[in-house]
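Remember, it's 1-based here, ligands and their atoms both numbered in the order they're listed.
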Amino acid sequence: MFKNFKSVEKCTYGLGTFDKLGEIIAPKRSENNKYFLFLVDDYFQGKELEKRLPILEGDAVEMIYAGGEEPKTSQIDEIRDRYLAQKGLPAGVVGIGGGSVMDIAKALSLMFTNEGSSVQYQGLNLIKKAGIYHVGVPTISGTGAEVSMTAVLTGPTKKLGLKCDWTVFDQIILDPTLTTTVPRNDWFYTGMDTYIHCVESMTGRLKNTFSEAYGHKSLDLCREVYLNEGYGQTPINDEKLMIASYFGGLSLTYSEVGVCHALSYGMSYVFGTRHCFANCVIFNVLEDYYPDGVREFKEMVRQNDIFIPENLSKDWTDEQIEKMIDICWALTHMWKHAIGEDWEQKLTRNQLKELYLRM
Ligand code: NAD
Ligand code: ZN
């Protein structure tokens, strides 16, 4: 396997580092139309963090509602067109929020300089020009969006990322104090995304020492946060989970995700189910593929007293299940990793249907 991936250029880590944001972006302020666009999870509207934004005259703040549907191509196009028409090209964009807001920031950075709809760039290396300077500030830990090469969007025909070297953030600020207010269920579901990233990246054909080294450390941190003595949503565990998320992202960058993520993309596409929650629902029934991981996951669910719904499939139509299978069948890179180059000989649509029916 050969990969040649770009890393986040600059990373600041530590309690209270969010307050360095103004200083960090200052040298970039003279670029383009000399204003910064701050995309902020609307949970922070009216909260203390909003007052700490380093806003100067001319800057813009766009509050993003992340509690509903996942980021869409139409949403990116609309925000891009509106700002270009009203204020021109920003000097930079800062995404402050979870995977949703960070992916919107990454996608916008690219779409500010690439003409047409973001729909045409869903895929690998389809973007033609470098985007504008972009900064990510996670406020919930787990997706690894702060470090990954992709900005996942749902479009008219698929859920797929804008994936290329230019997608990667120029700068991230990892300040664990920003995650202390995350609701308990989101804290669990999003943290489990990291856990599942590592189990999948370390299990398939593409696993290697690079991804295993980051994966092992990330899994250990997840165990400290969700299982071992001192587990739970505490300030020290917020620090651990933020690093687990970052390491989990690096683990999968040099490997690949697997069965759970493939099935999850199908579910999110058809029902709009949120990524991390969908992963938990799906991983819960994947003991045939990841027996040790699923056993430990169930122990984490039990210990943290989290509700993972079952029997959802009783309300699904055949047509919906077939559509989910279409979407997940197309994710060949995940199947090659999880099952092998000859995955089409080993896997049938019926097996996928059987898995969906277990949920
Ligand atoms: P999210 O951004 O969707 O937010 C989940 C909820 O938590 C929202 O209601 C939000 O308002 C709230 N929230 C965020 N921070 C908070 C805080 N500090 N206090 C209180 N509430 C807070 O969460 P997520 O799970 O991080 O992101 C999911 C998205 O990430 C999906 O769209 C998925 O496709 C994407 N994703 C991207 C990658 C990638 O590599 N780019 C990887 C995995 C998932
Ligand atoms: Zn994921």
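Ranked by closest heavy atom to atom 21 (N) of ligand 1, the top entry among Pro183, Ser100, Cys276 is Pro183. Among Leu178, Thr150, Thr179, the residue whose heavy atom lies closest to atom 18 (N) of ligand 1 is Leu178. Considering only non-hydrogen atoms, atom 3 (O) of ligand 1 lies nearest to Arg274 out of His261, Met192, His275, Arg274.
Residues in residues 263-282 take part in no salt bridge (charged side-chain N to carboxylate O under 4.0 Å, His left out) pair, two or more places apart or across chains.
Taking atom 15 (N) of ligand 1 as the reference point, the nearest protein heavy-atom neighbour is Thr139 OG1, 2.8 Å. When hydrogens are left out, the protein atom nearest atom 31 (C) of ligand 1 is Glu70 OE2, 3.5 Å; that is the closest non-hydrogen contact. The protein atom (non-hydrogen) at minimum distance from atom 10 (C) of ligand 1 is Asp41 OD2, 3.0 Å. The closest protein non-hydrogen atom to atom 40 (O) of ligand 1 is Ser148 OG, 2.6 Å.
Of the candidates Val40, Asp59, Val94, Leu53 forms a side-chain contact (heavy atoms from CB on, under 4.5 Å) with just one, namely Val40.
Under 3.5 Å, the side chains of Tyr226 and Glu299 contain no donor-acceptor pair of N or O atoms. With no hydrogens or angles considered, no side-chain donor-acceptor pair links Asp220 and His216 at under 3.5 Å. Between the side chains of His261 and Glu200, at least one donor N or O lies within less than 3.5 Å of an accepting N or O.
Heavy atoms of Met102 stay at 4.0 angstrom or farther from ligand 1. Remark: distances from the non-hydrogen atoms of Gly97 to ligand 1 are all 4.0 Å or more. Ligand 1 lies out of reach of Gly142, whose nearest heavy atom is not under 4.0 Å from it. Ligand 1 is approached by Phe44 to a heavy-atom distance shorter than 4.0 Å.
The shortest N or O to N or O distance between Thr143 and ligand 1 is not below 3.5 Å. The shortest N or O to N or O distance between Gly99 and ligand 1 is under 3.5 Å. When only interatomic distances are considered, the shortest N/O to N/O separation between Tyr43 and ligand 1 does not fall below 3.5 Å. Residue contacts with ligand 1: Asp103 is placed with a nitrogen or oxygen under 3.5 Å of a nitrogen or oxygen of the ligand (distance criterion only).
When heavy-atom distances to ligand 1 are checked against a 4.0 Å cut-off, Lys159 comes that close only through its side chain, counted from C-beta outward. Residue contacts with ligand 1 for Thr190 involve side-chain atoms from C-beta outward but no N, CA, C or O (heavy atoms, distance under 4.0 Å).
By the 4.0 Å N-to-carboxylate-O rule, Arg52 lies close enough to Asp19 to be salt-bridged with it. Lys72 has no carboxylate O lying under 4.0 Å from a charged side-chain N of Asp77, or vice versa, which leaves the two without a salt bridge. Glu319 has no carboxylate O lying under 4.0 Å from a charged side-chain N of Lys323, or vice versa, which leaves the two without a salt bridge. Using a 4.0 Å cut-off between a side-chain N of Lys or Arg and a carboxylate O of Asp or Glu, Lys47 and Glu50 do not qualify as a salt bridge. Checked for salt-bridge contact, Arg205 and Glu256 miss the test: no charged N lies under 4.0 Å from a carboxylate O. Taking a cutoff of 4.0 Å between a charged side-chain nitrogen and a carboxylate oxygen, Arg358 and Glu354 qualify as a salt bridge.
Residue-ligand proximity, Pro71 to ligand 1, at heavy-atom distances under 4.0 Å covers atoms 32 (O). Close approach of ligand 1 to Asp193 is summarised as follows: ligand atoms under 4.0 Å from at least one heavy atom of the residue are 43 (C), 44 (C). Close contacts of ligand 1 with Gly67, meaning ligand atoms under 4.0 Å from a residue heavy atom, involve 9 (O). Taking every heavy atom of Thr181 and a limit of under 4.0 angstrom, the matching atoms of ligand 1 come to 17 (C), 18 (N), 19 (N), 20 (C).
Geometry at the Zn ion (ligand 2): NE2/His197 and OD1/Asp193 form an angle of 90°, nearest 10 degrees.
Side chain of Asn114 to main chain of Ile127: no donor-acceptor pair is present (N/O by atom type, distance under 3.5 Å, no hydrogens or angles).
Relative to the ring axis of Tyr269, Lys158 does not place its NZ or CZ within 45° and under 6.0 Å from the centre.
Separation of atoms SG (Cys222) and CZ (Phe247) is listed at 12.0 Å; rounding is to 0.5 Å.
Of all N, O or S atoms in His261, the one lying closest to the Zn ion (ligand 2) is NE2.
Backbone or side-chain N, O or S atoms of His275 reach the Zn ion (ligand 2) at under 2.8 Å.
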